[in-house]
Amino acid sequence: MDKKKILILGASGFVGNAIYKELCSYFDTYGTCCSNRTFASNNQFLKYDLEEDDIFKIFEKVRPDIIISSLRGNFSAQIQAHQHIMEYLVKHDTRLYFISSANVFDAYSKYPSYEFDKTLSESVYGRLKIKIENMMMRLPPEKMAILRVPMVFGNTSPRIREIKETLENKEPIEVFPNLIINVTNDDRLTQQLHYLINRNKTGIFHLGSQDLIQHEEFIKEVIRKMGNYHPILKRVFTTNEDRYLAALPKHNKLPKNLRIKYQEIIDHHLPV
Ligand SMILES: NC(=O)c1ccc[n+]([C@@H]2O[C@H](COP(=O)([O-])OP(=O)(O)OC[C@H]3O[C@@H](n4cnc5c(N)ncnc54)[C@H](OP(=O)(O)O)[C@@H]3O)[C@@H](O)[C@H]2O)c1
């Protein structure tokens, strides 16, 4: 069988590694790691530091059909690396799936945002994502997919680990009572990406839960599910009114079996 070659940039990270695990049995899958040495002995992994290494060398070695970008790191180095990715895409029969964020809309607060809404961000992180998205918009459409993702939870997620540690240390947990969000988890996110790859889907996708919840309520439910804790909550009010940080699908919806509601994330996917 002629398996597609997939290269995951940031495959040693939380999201990138979940993607690697989902795809590696079905595709010829490669990944990059930077400081994490766990993967040093895995032949499918290549060392890549975006502040030092030439990404073209990685591309020459792997010759990917699909690149998935799930990186963190220095912002200007990320921009430069993505400029190089664009150059490669133009010249090769390769497609890019970019893990973006709901933060591309963090300057809007009165409503949730949909795929074709104009992006606007007040944060450096959101602006970085917008900059990379805008580079991608200049590519032929069949070469790219932008995946806007809200906070990702899951059994091994840094967010859940941090909550657990904070609870065990009896320290306060920050919650945002008037922040209304959608959420996702690693399992569903990676299944959705797998589907998009199988179907050769391109464009902009909002990959969060279909429904919304207040940040404080979600975190409280998560903690309830974790055990008999008596959390100290530090309620942070950033504005007087409700504020939305949610990217919902309207135009590019996924099949019903691949959608998720926040309650499922709490019920099925968190440690009990
Ligand atoms: N987690 C979420 O809730 C969430 C939500 C929305 C969007 N996202 C996006 O998803 C992507 C991955 O996030 P994550 O939570 O999985 O982050 P993460 O666990 O910190 O993983 C980041 C990845 O980037 C690599 N990396 C860091 N610095 C690097 C450098 N200088 N050169 C090359 N690679 C470097 C890391 O490699 P080493 O570990 O080997 O150093 C790791 O593989 C990010 O683009 C993030 O914006 C995440």
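Atoms within a ligand are numbered from 1 in the order they appear, just like the ligands themselves.
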With a 3.5 Å distance limit and no angle check, can you tell me whether Arg148 reaches the backbone of Glu115 through a side-chain donor-acceptor pair? yes

Kindly state whether the ring of Tyr114 and the ring of His251 have centres lying under 6.0 angstrom apart. no

Hey, mind stepping through Glu221 and Arg224 against salt bridge (charged side-chain N to carboxylate O under 4.0 Å, His left out) and telling me if it holds? CA-CA 5 Å; Glu221 289 267 329; Arg224 232 173 269 143; 3.2 Å; yes

Pairs of donor and acceptor atoms involving the side chains of residues 65-73, under 3.5 Å and at least two apart or interchain, shall be tabulated with distances.
residue, atom, partner, partner atom, Å
Asp65, OD2, Lys5, N, 2.7
Ser69, OG, His82, NE2, 2.7
Ser70, OG, Gly16, N, 3.4

Salt bridge or not between Glu217 and Lys220? Use side-chain N to carboxylate O under 4.0 Å. yes

Whether Phe39 and Phe45 hold their rings parallel, tilted or perpendicular, with breakpoints at 30° and 60°: parallel

Check each protein residue for a heavy atom under 4.0 Å from ligand 1 and list those that pass, ordered by chain and number. Gly10, Ala11, Ser12, Gly13, Phe14, Val15, Cys33, Cys34, Ser35, Asn36, Tyr48, Asp49, Leu50, Ser70, Leu71, Arg72, Gly73, Ile99, Ser100, Tyr125, Lys129, Val149, Pro150, Met151, Val152, Arg159

